[in-house]
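Proteins get letters first, then strands, A, B, ... in listed order; numbering begins at 1 in each. What you see is a predicted model, and the numbers here were worked out from it, not measured in a lab.
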There are 2 protein chains.
Amino acid sequence: MNNKPKTRMTKQRKAILRVLKNTTIHPTADWIYEQVKKEIPNISLGTIYRNLNVLAKNKDIMVLDYGSTYSRYDGNPENHYHFHCKKCEQVFDLELPCFHDLNEKVNEDTNFKAENHRLEFYGFCPDCR
Amino acid sequence: MNNKPKTRMTKQRKAILRVLKNTTIHPTADWIYEQVKKEIPNISLGTIYRNLNVLAKNKDIMVLDYGSTYSRYDGNPENHYHFHCKKCEQVFDLELPCFHDLNEKVNEDTNFKAENHRLEFYGFCPDCR
DNA sequence: ATTTAACTAGTAATTATTGCTAATAGAAAC
DNA sequence: GTTTCTATTAGCAATAATTACTAGTTAAAT
Ligand SMILES: [Mn+2]
Ligand SMILES: [Mn+2]
Ligand SMILES: [Zn+2]
Ligand SMILES: [Zn+2]
């Protein structure tokens, strides 16, 4: 009946999660790979991807897609908004509170049932403007 | 001085643009390829991608990224909001007006200079709810 | 300590997208 | 209409992020 595989906390998974929780740069899988390699030199890139997918499914982290070239990952699983600088390409967290009423507005005005949303701003960061 | 290459309106580009303007499904490059092939059987997939990129750069269309697996394209270049169904995976246009004041709120509350934003809702469409 | 299946390292495979090149064809100038 | 110029194309090769596979390993429950 309950066939969900039980997730184990391996040292690889723990290290990946710690690296991601301790940065604000919204890194790529490859950046995480380079960081974790300092600690576990023979870790496999496949292990990075597999764990990022498991952690995202468990809602321990978030996946952010920017373009079809690669994904970025976010150690903060709570919905929050991002700013993407068009010049330096960095992704920043915004301090805005989450507008929960946006979902409600959709649910009132349309026949869709919105459960969550993603809001991304594009422009120039303080250093690039 | 002015070294922008002049864009030509080839029959391939015209057909791609027409196909994209005449659908609301926010198709993938491959779907567009299949449609245009009915009209221009020996068109190359590379031509599809090259033209979609040119058209997007010219702001004739929009590129929507959902996950790192593939991009979807939108024949409406004006900012508008989308709804992504978690079950059938279809992407719908929402009739909500664009909240231009969201950019202004960021510009007032933070040091970032927001020029535009993207807002995507996730949940279940009328048929799947 | 034993057991079991989730997990890993290493590598191969997949696939969306881009790069390359000789030939073609818009469209501007004549 | 003809010439000229160069953006564009078809066909195919290359790239690169991500996933799949497999034999061996290990977390963790009993
Ligand atoms: Mn974030
Ligand atoms: Mn749309
Ligand atoms: Zn910047
Ligand atoms: Zn649906």
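- A:Lys11 has its NZ atom 8 Å from the P atom of D:dA27, to the nearest Å.
- Salt-bridge annotation for B:Glu89 and B:Arg72: absent, with no side-chain N of the basic residue lying under 4.0 Å from a carboxylate O of the acidic one.
- Closest approach of B:Thr28 and B:Tyr73 over heavy atoms only: C-CD1, 4.3 Å.
- Here salt bridge (charged side-chain N to carboxylate O under 4.0 Å, His left out) pairs that include residues 120-129 of chain A, with residues two or more places apart or in two chains, are A:Arg118-A:Glu120.
- We find that CE of B:Met9 is positioned 8 Å from P of C:dA27, with the value rounded to whole Å.
- The shortest heavy-atom contact between A:Asn107 and A:Ala114 is OD1-N, 2.6 Å.
- Within 6.0 Å of CG on A:Asn58 lie more than 12 heavy atoms contributed by other residues, nucleotides or ligands.
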Compile the donor-acceptor pairs under 3.5 Å between side chains in residues 77-88 of chain A and protein atoms, sequence neighbours left out, one pair per line.
residue, atom, partner, partner atom, Å
A:Asn79, ND2, A:His117, O, 3.1
A:His80, ND1, A:Asn76, ND2, 3.4
A:His80, ND1, A:Glu78, O, 2.6
A:His80, NE2, A:Asp74, OD2, 3.0
A:His80, NE2, A:His82, NE2, 3.0
A:His80, NE2, A:Asp93, OD1, 3.0
A:Tyr81, OH, A:Phe99, N, 2.9
A:Tyr81, OH, A:His117, NE2, 2.7
A:His82, NE2, A:His26, NE2, 3.1
A:His82, NE2, A:Asp74, OD2, 2.9
A:His82, NE2, A:Asp93, OD1, 3.1
A:Lys86, NZ, B:Glu115, OE1, 2.8
A:Lys86, NZ, B:Asn116, OD1, 3.1

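- In the helix from C:dA1-D:dT30 to C:dC30-D:dG1, the terminal helix axes, each the rotation mapping four pairs' C1' atoms onto the next four within five end pairs, subtend 50°, rounded to 10°.
- In this structure, CZ of B:Arg72 is placed 12 Å from P of C:dT17, rounded to the nearest angstrom.
- The CD1 atom of B:Ile43 lies 9.0 Å from the NZ atom of B:Lys11; values are rounded to the nearest 0.5 Å.
- Distances were taken from every side-chain heavy atom of A:Arg8 (C-beta onward) to each of D:dT18, C:dA25, D:dT26; the shortest belongs to D:dT26.
- Here A:Gln12 reaches the OP1 or OP2 of C:dA9: one of its side-chain N or O atoms lies under 4.0 Å away.
- In this structure, B:Lys6 reaches the sugar-phosphate backbone alone: every heavy-atom distance under 4.0 Å involves primed, P, OP1 or OP2 atoms, never a base.
- At D:dA7, none of the side-chain N or O atoms of B:Thr10 fall inside 4.0 Å of OP1 or OP2 (strictly under the cut-off).
- Taken residue by residue, residues 33-62 of chain A places heavy atoms nearer than 4.0 Å to DNA chain C at A:Asn42, A:Ile43, A:Ser44, A:Thr47, A:Arg50, A:Asn51.
- Here D:dT26 presents its C1' atom at 13 Å from NZ of A:Lys14, a figure rounded to the nearest Å.
- If you take CG on B:Asn22 and CD on B:Gln35, they are separated by 11.0 Å, rounding to the nearest 0.5 Å.
- Residues from residues 21-30 of chain B placing a heavy atom under 4.0 Å of any atom in DNA chain C do not occur.
- Around atom NZ of B:Lys105, no more than 12 heavy atoms belonging to other residues, nucleotides or ligands sit under 6.0 Å away.
- At whole-Å resolution of the value, CD1 in A:Ile32 and C1' in D:dT18 are 14 Å apart.
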Cut-off 3.5 Å, no hydrogens considered: what does the side-chain donor-acceptor table look like for residues 48-57 of chain A, sequence neighbours left out?
residue, atom, partner, partner atom, Å
A:Arg50, NH2, A:Thr47, OG1, 3.4
A:Asn51, OD1, A:Arg13, NE, 2.5
A:Asn51, OD1, A:Arg13, NH2, 3.1
A:Asn51, ND2, A:Thr47, O, 2.8
A:Asn53, ND2, A:Tyr49, O, 3.4

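- Closest of all the heavy-atom pairs between A:Gly75 and A:Ile61 is CA-CG2, 4.3 Å.
- Along DNA chain C, the nucleotide closest to B:Thr69 and the one closest to B:Thr7 are compared, and the more 5′ of them pairs with B:Thr69.
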